[in-house]
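So you know, we letter chains A, B, ... as the sequences are listed, proteins then strands, and number each from 1. Given the structure is predicted, the values throughout are model-derived calculations rather than measurements.
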There are 2 protein chains.
Amino acid sequence: MKELEERIVQQGTVKPGNVLKVDAFLNHQCDVELFDHMGAAWAEHFKGKTIDKILTIEASGIGIACVVARHFGNVPVVFAKKAQSINLDGDQYTTTVYSFTKQKEFPVIVSKRYLNEGDHVLLIDDFLANGKALKGLIELCHEAGATVEGIGIAVEKGFQGGGDQLREEGYDVDSLAIVESMDPENGTIEFRS
Amino acid sequence: MKELEERIVQQGTVKPGNVLKVDAFLNHQCDVELFDHMGAAWAEHFKGKTIDKILTIEASGIGIACVVARHFGNVPVVFAKKAQSINLDGDQYTTTVYSFTKQKEFPVIVSKRYLNEGDHVLLIDDFLANGKALKGLIELCHEAGATVEGIGIAVEKGFQGGGDQLREEGYDVDSLAIVESMDPENGTIEFRS
């Protein structure tokens, strides 16, 4: 998606340690008009598929998923939670994900009431690097007996391999920008064409 | 807002300890069409005010804020983060908020790049009880020199007093449903009229 690539070039920052900061428009400050265009792109890519639920993970995926849901007939958006809260009762699907950003493992939880057998799910997230978070979401879907119809990602760090691994496993992964390489020294970013 | 009150009655659950669970449509599973109607209600309430940014706090506020922003000319949405992440550099406004739900204190952070002197800010959140989280957001706005033009809340627990305290301090708080009392024994919920 040209618009997203341009925004990454204009406003993204490459930091040491394979960190790409896009918090000006994607995951701290949110450009909801861009999110809307991303929704249109995914609606086009996944057209013909039955999608009756969007599943994402807190926090950065939520805003994107909620804006994007309009392009899929206002289907319910469910966001997996990253830690046990006293407001969640015991009846939940749960798995564990390691976050490189936060440098720790955390539980990922979805209430059994909101993920069901027979659901046709589109997974949405802001970033895909090694794919740990997504694999957690896929695991929750399998536990529930739900079908993962597709995966919509804003920014994939292609060189970290998680996206290609999921494609090899047969998932329809549509990343709107795939960073093939980036250089913290001079700030350059190259996209997969 | 009649629609929101009806949803709370139909799908909300009252739990001991002043807990009102509305995770079927507000803060775990998200009804984005309801969020859109909430945005229309706030656009009506706050019309005539200059609002050029929406500030919320992760995680449950983000989806609401991003859908609602459409009704305010697609202004940027900024969400305050609840914990230090290595992806945030040092240049940030920060305060501390106590969460009764999570039963602990946590830092609340906004990058200085995304909250500026002269910003006219609408604060959005899913819940208002004692008002601790909102007061944290207000503090961040004051630190930045931004003006809080209004506060849009989905569900206010009126009996916990945070909303009325903010109104007494002069803030324009528009809560779309104000729960005046609720009873975990029989599940009844009464709204402020």
Chemist: Can you check whether B:F25 reaches A:P76 side chain to side chain, under 4.5 Å on heavy atoms?
Modeler: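 Not in contact.
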
Chemist: For the residue pair A:I62 and B:E58, establish whether any side-chain heavy-atom pair is separated by less than 4.5 Å.
Modeler: no

Chemist: If we ignore hydrogens and angles and just use 3.5 Å, is the side chain of B:H28 paired with the main-chain N or O of A:V110 as donor and acceptor?
Modeler: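 No; zero donor-acceptor contacts below 3.5 Å.
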
Chemist: Give the cluster check for B:I178 versus B:L166: same hydrophobic cluster or not, with ILVMFWY residues linked at side-chain heavy-atom distances below 4.5 Å.
Modeler: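 Different clusters: B:I178 never reaches B:L166 through Ile, Leu, Val, Met, Phe, Trp or Tyr contacts under 4.5 Å.
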
Chemist: Please give me the minimum heavy-atom distance between B:G63 and A:C66, naming the atom from each residue.
Modeler: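 So the minimum-distance heavy-atom pair works out to CA-SG, 3.6 Å.
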
Chemist: Atom NZ of residue position A:K132 - does it have more than 12 heavy atoms of other residues, nucleotides or ligands inside 6.0 Å?
Modeler: no

Chemist: Contact part of B:N74 toward chain A, heavy-atom cut-off under 4.5 Å: side chain, backbone, both or neither?
Modeler: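 Backbone plus side chain of B:N74, per the 4.5 Å heavy-atom cut-off to chain A.
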
Chemist: Is it true that, when you exclude A:E185 itself, more than 12 heavy atoms of the residues, nucleotides or ligands shown sit nearer than 6.0 Å to its CD?
Modeler: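 Not more than 12 within 6.0 Å, no.
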
Chemist: Between A:L122 and A:V155, is there a shared hydrophobic cluster once you connect ILVMFWY residues whose side-chain heavy atoms come closer than 4.5 Å?
Modeler: yes

Chemist: Heavy-atom distances under 4.5 Å only: say whether B:F35 touches chain A with side chain, backbone, both or neither.
Modeler: side chain

Chemist: Does any heavy atom of chain A fall under 4.5 Å from the side chain of B:A24, the backbone, both, or neither of them?
Modeler: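 Backbone plus side chain of B:A24, per the 4.5 Å heavy-atom cut-off to chain A.
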
Chemist: Counting heavy atoms not belonging to B:E190, are there more than 12 under 6.0 Å from its CD?
Modeler: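 No, not enclosed.
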
Chemist: Is B:E117 atom CD crowded by more than 12 heavy atoms from other residues, nucleotides or ligands, each under 6.0 Å away?
Modeler: no

Chemist: What I'd like to find out is whether the side chain of A:R113 reaches to under 4.5 Å of the side chain of B:D23, using heavy atoms alone.
Modeler: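 Yes, at least one pair of side-chain atoms sits under 4.5 Å.
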
Chemist: For the NZ atom of B:K53 and the CD atom of A:Q29, what is their distance to the nearest 0.5 Å?
Modeler: 5.0 Å

Chemist: When clusters are formed by joining ILVMFWY residues with side-chain heavy atoms under 4.5 Å apart, either directly or through shared neighbours, do B:I54 and B:L26 land in the same one?
Modeler: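 Same cluster: B:I54 reaches B:L26 through Ile, Leu, Val, Met, Phe, Trp or Tyr contacts under 4.5 Å.
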
Chemist: If I compare all heavy atoms of A:V32 with all of B:V77, which pair ends up nearest, and what's the gap?
Modeler: CG1-CG2, 4.0 Å

Chemist: Most heavy-atom pairs under 4.5 angstrom with chain A, which of B:V78, B:D31, B:L55?
Modeler: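 Most heavy-atom pairs within the cutoff with chain A belong to B:V78.
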
Chemist: Where on A:T56 is there a heavy atom nearer than 4.5 Å to chain B: the side chain, the backbone, both, or neither?
Modeler: neither

Chemist: Are A:F127 and A:L34 joined in one hydrophobic group, where the rule is that I, L, V, M, F, W and Y side chains link up if heavy atoms are under 4.5 Å apart?
Modeler: yes

